[in-house]
Amino acid sequence: MARKADHIFIGMIREAGLYDDIDQAYAALDPSRAVGFMADKRVCYPVNEVEDVCRVAYDFTGKPPGTIEIE
């Protein structure tokens, strides 16, 4: 799932012509769950291309001094 999400993410960066301007970028999986409610039932609204991915967040930090860390 992470590889598929990362492939899509990097592809979108390339399509936008930004790949050579970005020092670091990758998709990471967050274990938290995002859900919505439909007809009194919890549902996960998927991001179309990757099953079970319910939310996408972007973090923009300049480098230097920033670095990418997921905790």
- Task: Name all residues meeting the side-chain contact (heavy atoms from CB on, under 4.5 Å) criterion together with Ile10; count only those two or more places apart in sequence or in a different chain, and write none if there are none.
- Result: Asp6, Ile13, Arg14, Tyr19, Ala25

- Message: Show the nearest heavy-atom pair for residues Tyr26 and Phe9, with the distance to one decimal.
- Response: N-CE2, 3.6 Å

- Ala5 versus Ala27, closest heavy-atom pair with distance: C-CB, 3.8 Å

